[in-house]
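Naming: A, B, ... by sequence-line order, numbering from 1 per chain.
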Amino acid sequence: MSQSPALSVKNLRKTIGKKDIIKGISFDLYPGEVFGFLGPNGAGKTTTIRMIVGLIKPSSGTVLIGGKNIQTHFGDAMKDLGCIVENPELYPYLTGWENLEHFARMDSSIPLKRLYEVVDLVDMGNRIHDRVGTYSLGMRQRLGIAQALLGNPKLLILDEPTNGLDPAGIREMREFIRFLAEKEKLCVMVSSHLLSEIQLMCDRVAIISKGSIIRVDSVHALLAEQERVVWKAEPQEKAESLLREVTNVTRSEEFLITLYDESQIGNWNRMLVTAGVEVKEMRTKLPALEDLFLELTGGEHIE
Amino acid sequence: MNKLVHNELLKLFRKRRLFVIILIIAALVPLFTYAQYQEVKTTREKLGNVDWRTQLQQEIVDTQNRLSSSRMQDDWRKYLKIRLAQQQYYLDHNINPQAPGAPTFMRVFVENSIDLLLPLLVMVVAADLVSSEASGGTIKLLLTRPVKRWRILLSKYLALILSVSFIVTASAVLSYGISGVVFGYGGWGMPLLTGFSTSGEELVTNNVHLIPQWQYILMEFGLVWFVCLVVGTLTFMLSVLLRSTAAVMGIMLAALIAGAILSNMVSSWESAKYLFMVNLSLTDYISGMATPIEGMSLGFSLIVLLVWAIAGLVVSFTVFTKKDVY
């Protein structure tokens, strides 16, 4: 990741009245990665995103899109940005195509053929000429993405992109986002309050809670750090007392769970076997991000 | 900027706002035409079988008699002379002053709709110009384009000016076209009295003179356009400030109706003349009707309205370019 960042957020703050909504957030995003922005509802995800896309003026701090400051070079910075903030709200009394034309007219660098390209890309087919009022949510979501991709952006920001979609739609969206990052080399920033979502489609993740980022890391590193070993052994009591002598053990129904320590795991197994315990099952397990989040935030509630 | 205005007009058009307005005017004009027609008929019945030329001739003789009496103030004499010239013109050109043509109908229509009907129609267009984008959420897409916020608002305002012009033109064309079927299309050259002003309690007739009706109508439509633009601008401001189109309409409707009521009762509350809504009946200054509050003149009302409109624009642009969009 030696490229220059597609989005660089530096010490972003927002104060409303005396209340600090966002307390100094910084992170960099690079081309070709899907970046997850994770936090419970009300943590400040949407406020941060609105500051990045220029809808809300930050109290302090800078946002650079493709190196251009959105405060001082709004037009240039916005040319590199495509976004859907919250729901994909388009004009219901216009057709999908007219909506695209409408937004294309707002940026003279968009040629007509780009409209056909984005319609192809999101696979809208003939429905594009129907009024948006008649679209299903999934259809509107696609049109929203088509609209966001119109200006050939380097950075795509999607706020809760899978909200309200059915399972098939969620899967499709996830694959499409991966496709955009891997094949089109876009930088995609996805916010979500669903950990499983982020786990499945993101490369890196920032965890935000109460207006501050508490952790930025790759999804892989975060998970690996918390990897566990699940044991199934007979007799369970004996196995548990033996393992307790060497490591922390938690019991979960017929399983025993210990930390994963690559250098020790063979020794532990041998110890059990020599003591006459029959090891029936032994596997590593990734913790759900849910557990991780609870650990990092000290138990703040999350869906 | 052309493309941005194109966008705004497209949205207005597809929301069928302008279409509805045309429909309203097209439905009301025949109604008024019929009312006017009934009135003409009643007057004619009252006069019985007397030919209108004989009647007019009689009036002219009366006026001449009054002029020849010696005890008369100079300005009153001058006024009567102008009246005489007007009546003589009617007779010479075979115009029946009691049987109006379509241009006369247009004039009466516009004089009666300047303070309420046309501002209301303009309000229908202006009220949701900005607030509908906010309540529909599309403002988020609009403001994340490589276009500065003031340009987006300006394109909306230009679209409003075009719509106002369209509404005024459409009401002129429709009232002429529809009423002409009944009254005939002639009468553009008919001379009308104008130039009245008030001084204290008295009507000053010093500057009264005759102008042809087409010129009169042109002046009145100019004033109507101005009034509509001012009301449109103020509605536009509310539309920027409020998310709810219903709230915008409600406030504006209350203001306009309050204006109509106040005009009838504020003659002793002098500072009420700085309110925009009691200054809307600009055409009254041309036809010489009494002003609601002493000391109001065409120039005064124009300046009051202009100040309100400029203030509205300043507020609109400052708020729109600065506000946080949630």
Side-chain angles (χ1 to χ4, degrees), chain A residues 14-16 21 46-47 49-59 65 68 70 73-95 98-110 131-133 140 143-144 147-148 150-151 153 155 157 159, chain B residues 1-21 124-125 127-159 240 243-245 317-326:
Chain A
K14 179 71 184 176
T15 315
I16 297 176
I21 307 292
T46 298
T47 307
I49 285 181
R50 281 172 189 248
M51 284 197 277
I52 295 172
V53 301
L55 288 174
I56 295 181
K57 216 159 254 146
S59 300
I65 297 175
K68 282 154 289 194
I70 65 154
H73 299 84
F74 183 76
D76 290 336
M78 287 297 138
K79 273 188 197 293
D80 283 342
L81 169 79
C83 63
I84 304 179
V85 181
E86 284 173 325
N87 306 314
E89 285 140 329
L90 293 129
Y91 299 104
Y93 47 86
L94 300 179
T95 67
E98 283 171 329
N99 266 290
L100 292 181
E101 280 183 326
H102 174 277
F103 291 111
R105 265 184 230 114
M106 298 184 75
D107 182 351
S108 50
S109 62
I110 300 173
R131 279 182 41 224
V132 171
R140 260 183 285 157
L143 185 61
Q147 162 280 127
L150 264 181
L155 171 67
I157 296 185
D159 194 6
Chain B
M1 186 50 85
N2 277 342
K3 287 182 176 175
L4 293 181
V5 176
H6 176 172
N7 275 348
E8 294 310 323
L9 290 176
L10 172 78
K11 284 184 267 182
L12 267 179
F13 191 73
R14 296 303 293 273
K15 276 193 280 191
R16 320 224 162 171
R17 284 287 188 280
L18 293 174
F19 181 69
V20 167
I21 286 166
V124 171
V125 173
D128 73 346
L129 221 46
V130 183
S131 63
S132 69
E133 303 268 6
S135 55
T138 44
I139 189 120
K140 291 178 291 188
L141 294 176
L142 216 51
L143 297 185
T144 51
R145 304 286 133 185
V147 180
K148 288 220 166 78
R149 285 190 184 187
W150 67 265
R151 291 174 65 90
I152 290 174
L153 195 66
L154 183 62
S155 70
K156 283 186 175 294
Y157 191 67
L158 292 177
V240 170
R243 257 177 110 94
S244 148
T245 305
F317 276 87
T318 330
V319 170
F320 191 77
T321 48
K322 295 236 154 62
K323 79 168 167 186
D324 286 348
V325 179
Y326 289 98

Heavy-atom contact with chain A under 4.5 Å, split by part of B:R149: side chain
Under 4.5 Å from a heavy atom of chain A, the part of B:K323 involved: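 Interface part for B:K323: backbone (N, CA, C, O).
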What distance separates [X] [atom1] from [Y] [atom2], expressed to the nearest 0.5 Å?
| X | Y | atom1 | atom2 | result |
| --- | --- | --- | --- | --- |
| B:K140 | A:C83 | NZ | SG | 9.5 Å |
| A:Y93 | B:L10 | OH | CG | 8.0 Å |
| A:I70 | B:T144 | CD1 | OG1 | 11.0 Å |
| A:L55 | B:Y326 | CG | OH | 10.5 Å |

Nearest heavy-atom neighbours spanning A:G75 and B:P146: O-CB, 3.2 Å
Working for side chain to side chain contact (heavy atoms under 4.5 Å, CB included), residues B:L142 and A:H102: CA-CA 10 Å; B:L142 216 51; A:H102 174 277; 3.6 Å; yes
Derivation and outcome, side chain to side chain contact (heavy atoms under 4.5 Å, CB included), residues B:I152 and A:M106: CA-CA 9 Å; B:I152 290 174; A:M106 298 184 75; 3.8 Å; yes
Test log, rule side chain to side chain contact (heavy atoms under 4.5 Å, CB included), inputs B:V325 and A:V85: CA-CA 11 Å; B:V325 179; A:V85 181; over 6 Å; no
Per-residue contact mode, A:I16 against chain B (heavy atom under 4.5 angstrom):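 Side chain only.
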Stepwise side chain to side chain contact (heavy atoms under 4.5 Å, CB included) check, A:K14 with B:D324: CA-CA 11 Å; A:K14 179 71 184 176; B:D324 286 348; 2.7 Å; yes
Top contributor to chain A contacts, counting heavy-atom pairs under 4.5 Å, from B:I139, B:L141, B:T138, B:N7: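 Most heavy-atom pairs under 4.5 Å with chain A: B:N7.
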Side-chain donor or acceptor of B:R145 paired with backbone N/O of A:D107 under 3.5 Å: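 No, because the side chain of B:R145 does not come within donor-acceptor range (under 3.5 Å) of the backbone of A:D107.
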Choice from A:M51, A:E89, A:E98 maximising heavy atom contacts with chain B below 4.5 Å: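 Counting heavy-atom pairs under 4.5 Å, the top option is A:E89.
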Top of A:K57, A:R105, A:R50 for chain B proximity - count of heavy-atom pairs under 4.5 angstrom: A:R105
